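In what follows, a single structure is set out as structure tokens and then discussed.
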Amino acid sequence: MTQTAANSGPRYLRTPDAAKLLGLSPRTLEKHRCYGTGPVYRRLGGRVVYALDDIEAWVALGTRRSTSDPDVGTVHPARRRPAEG
């Protein structure tokens, strides 16, 4: 496969590879998926895959310049969110 063919179109990672890229355990990424706090994913048959662009967009939500930046676009921990009232 040529370098151009390898780089054209989106690239998808399965959970273990996406977790490794993010520096998370696969279980933590699974929890993010269950709680709706993680990157966008796709189901292809019985497989879960993540597009690199979606992973990068999720990581970008946590971008800050200082500790006083507002929490807009916060990357939440992998746990259930409290019910909104």
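Side chains are part of it too, since the values below use all heavy atoms of this structure and drop only hydrogens, waters and symmetry mates. These figures come from a predicted structure and were not determined experimentally.
Counting all heavy atoms, side chain and backbone alike, Pro16 lies closest to Pro26 at CA-CG, 4.1 Å. Taking every heavy atom of both residues into account, Ala18 and Leu29 meet most closely at CB-CD2, 3.7 Å.
Going from atom OH of Tyr50 over to atom CZ of Arg33 covers 4.0 Å, rounded to the nearest 0.5 Å. Here the NZ atom belonging to Lys20 is positioned 14.5 Å from the OG1 atom belonging to Thr15, to the nearest 0.5 angstrom. To the nearest 0.5 angstrom, Tyr12 atom OH is 10.0 Å from Leu52 atom CG. Atom CG of Asp17 is separated from atom CG of Leu22 by 11.0 Å, given to the nearest 0.5 angstrom.
Ion pairing between a basic and an acidic side chain is recognised when a charged N comes within 4.0 Å of a carboxylate O; Asp54 and Arg42 show such pairing.
Between Trp58 and His32 there is a side-chain heavy-atom pair separated by less than 4.5 Å.
Note on Leu21: it does not cluster hydrophobically with Val40, by side-chain heavy-atom contacts below 4.5 Å among ILVMFWY residues.
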Legend entry - Stepwise side chain to side chain contact (heavy atoms under 4.5 Å, CB included) check, Thr28 with Lys31: CA-CA 5 Å; Thr28 298; Lys31 286 180 183 181; 5.5 Å; no
